[in-house]
Amino acid sequence: MRHLVNLKALLAAAAAVGLAIASPASAQEAATASVTGSVTAENGPALSGVRVVATNLETGIQYGAVTGSDGRYSISRLRPGSYRVLVRSVGYNVGIEETRVAAGESRTIDFTLGAAAIALNAIEVFSTRAVERRTPVPYTDVEKTQLEQQLGSQDLPIVLNTTPSVYATEQGGASGDARINVRGFDQRNVSVMINGVPVNDMENGWVYWSNWDGLGDATSTIQLQRGLSAVNLATPSIGGTLNIITDATKLSRGGMIKQEVGSDGFLKTTGMLASGLLGNKFAFMAQGVRKTGDGLAQGIWTDAWAYYLGASYKISNSNRLDLFAVGAPQRHGQRLYRQNIGAHSATFARGLSDYDAAALDRYPEAKDGFRYNENVAPVSSSYRGQQATGSKRFDRFDPSFLNERENFFHKPQVNLNWYSALSRT
């Protein structure tokens, strides 16, 4: 009997506690208000999925609801006060109603929305550039700010080294000999474009970044699309598509002179002048670059110029002409990427399980270590032999050594692009 009495007492106590807990909740419900109603179109049907927002005009706190299949909504637990109730749905005019509710009150507000004509902005379609995040192509945009902060005097692909599925390096080569790999494919299988125009070599698909030296300072944005994309050009875009965009209209009026100094005699001077957008019609910019240096390794010196000229003219709101010219007359010494590791460190080479120690007889360790370059050799300064390319003859860069591999090239590119936004009106 004692246990039964105790159980009854326990149940009574639990009921009392429950009542004590429920009482404040009931009081809170009584201290709040609600707004209910329906949303219909002018022609009669109920509108479902319409967003309804009630904003407290004193505190700014918002309460929301969405209409059901019958067009009805309910917003509860409103603090007493004045509210602005706003109803918004695509294709209909906005409904607004202001009201004041007291504690415990339930106010009914019905809305009838009229149809509204919506004017959308013009849609720009580029076959070489993704413009919406919903595009089914994984891509990364590199904006001007990131270029200025991270690129410095490096070759343009290096700024993409933190991009997913990308590996870029300029190790082993000279200035302008960088290379980029996207999803495991080298740049022979990556379509590289400047303002939508392919620049890969026509024979082997390779890209020589020294031909576009200084382009990074004129670039407004870079987009890298990874993997096969929607590009409709006959370009080697198995690994991805890299589009470098220059836009004279995005630069503010003014000019700048930048000087970069580095080790091994590196010196780069950049000058740029921009008009900004004049009369909302015309923009012009010009840039020149001068770069010299001895290079980290023997014989990978550089002696280069670069220029960029860009102009844009707005014919109308739907048509624009862009004219640009880019080039980089330059010479630089080279060395092969693939060199025997024993020439740099015999100790390290012997420690490799798959290294044939007999190779050290053919490739003895060089005293200069990483600075060693098997593609350059000293020569008597009295030797006056000249370099040659086709019918052209010119003196060696330095009379004290001879480069087996030297890059001398100028590949200017001039383009006139017409952008037109087509519409039915």
Side-chain angles (χ1 to χ4, degrees), residues 151 153-158 170 173-180 187-188 190-219 222 235 242-246 248 258 260 265-273 284-295 299-311 322-337 375-376 385-398 402-417:
L151 184 60
S153 58
Q154 303 174 102
D155 293 338
L156 199 57
I158 304 303
E170 54 186 355
S175 175
D177 286 339
R179 67 185 190 273
I180 183 171
Q187 57 193 23
R188 287 185 176 90
V190 176
S191 178
V192 179
M193 296 176 287
I194 300 177
N195 293 327
V197 179
V199 296
N200 296 75
D201 188 278
M202 294 294 291
E203 294 181 354
N204 59 18
W206 199 252
V207 180
Y208 303 94
W209 294 101
S210 58
N211 296 332
W212 320 111
D213 201 6
L215 186 62
D217 295 301
T219 299
I222 300 175
T235 54
L242 176 62
N243 197 5
I244 303 167
I245 304 296
T246 62
K258 180 172 65 175
E260 299 171 70
F266 177 83
L267 180 64
K268 180 181 179 181
T269 304
T270 304
M272 188 269 290
L273 185 65
F284 174 83
M285 72 158 295
Q287 175 185 284
V289 179
R290 173 62 171 153
K291 184 169 73 173
T292 58
D294 297 330
I300 58 171
W301 49 271
T302 182
D303 183 9
W305 296 84
Y307 60 86
Y308 175 84
L309 302 173
D322 282 358
L323 174 67
F324 70 89
V326 59
Q330 46 81 33
R331 293 175 61 191
H332 70 265
Q334 293 183 302
R335 72 172 176 179
L336 292 172
Y337 290 113
N375 303 116
V376 67
Q386 291 184 308
Q387 302 285 89
T389 170
S391 60
K392 296 181 180 179
R393 300 289 187 273
F394 46 89
D395 292 332
R396 303 192 309 277
F397 175 77
D398 191 312
L402 180 65
N403 282 95
E404 177 190 2
R405 297 177 62 89
E406 180 180 329
N407 185 22
F408 36 84
F409 211 71
H410 180 207
K411 186 180 181 181
Q413 179 174 313
V414 180
N415 283 87
L416 176 62
N417 297 341

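Start at 1 with the first residue, then count along the sequence.
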Within-4.5 Å side-chain heavy-atom neighbours: Val192 and Trp209
yes
Holding to side chain to side chain donor-acceptor pair (under 3.5 Å), I want the full list of residues that pass it with Trp301, two or more places apart in sequence or in another chain.
Asn403
Gap separating the CD1 atom of Ile245 from the CG atom of Asn195, nearest 0.5 angstrom:
5.0 Å
Within-4.5 Å side-chain heavy-atom neighbours: Trp212 and Leu156:
no
Least distance between heavy atoms, Gly196 atom then Asn243 atom
N-OD1, 3.1 Å
Those residues at least two apart in sequence (or on a different chain) that pass side chain to side chain donor-acceptor pair (under 3.5 Å) with Asn407 are Ser210
For Ile180 versus Pro157, what's the shortest heavy-atom pair and its separation?
CB-CB, 4.0 Å
In this structure, OG1 of Thr246 is separated from CG of Asp322 (nearest 0.5 Å) by 7.5 Å
Taking C-beta and beyond as the side chain, do Thr219 and Leu151 meet within less than 4.5 Å on heavy atoms?
no
Rounded to the nearest 0.5 Å, what's the gap from CG on Leu215 to CD on Gln287? Could you check?
8.0 Å
Output for pair (Asn211 CG, His410 NE2), nearest 0.5 Å, gives 9.0 Å
Given side chain to side chain contact (heavy atoms under 4.5 Å, CB included), test His332 with Phe397 step by step and report yes or no.
CA-CA 9 Å; His332 70 265; Phe397 175 77; over 6 Å; no
Who are the side chain to side chain donor-acceptor pair (under 3.5 Å) partners of Lys411, not counting sequence neighbours?
none
I'd like to check the ring-ring contact (aromatic ring centres under 6.0 Å, His included) partners of Phe266; sequence neighbours left out, ordered by chain and number.
none
Looking at residues at least two apart in the chain, or sitting in another chain, which of them share a side chain to side chain contact (heavy atoms under 4.5 Å, CB included) with Asp201?
Glu203, Asn204, Tyr208
Residues forming a side chain to side chain contact (heavy atoms under 4.5 Å, CB included) with Leu273, sequence neighbours excluded:
none
Excluding sequence neighbours, so at least two apart, what forms salt bridge (Lys or Arg N to Asp or Glu O under 4.0 Å) with Arg290?
Asp303
Partners of Phe324 by ring-ring contact (aromatic ring centres under 6.0 Å, His included), sequence neighbours excluded?
none
With sequence neighbours left out, what residues match Phe409 under ring-ring contact (aromatic ring centres under 6.0 Å, His included)?
none
Donor-acceptor contact below 3.5 Å, side chain Arg396 vs main chain Gly385:
yes
Any side-chain to backbone donor/acceptor pair from Gln187 onto Val207? Under 3.5 Å, distance only.
yes
Drop me the distance from Leu242's CG to Met193's CE, to the nearest 0.5 angstrom.
8.0 Å
If you compare all heavy atoms of Gln386 against all heavy atoms of Asp395, which two are closest, and at what distance to 0.1 Å?
NE2-OD1, 3.0 Å
With sequence neighbours left out, write down each residue that passes side chain to side chain donor-acceptor pair (under 3.5 Å) with Thr292, or none if nothing qualifies.
none
How long is the gap from CE on Met272 to CE on Met285, to the nearest 0.5 Å?
5.0 Å
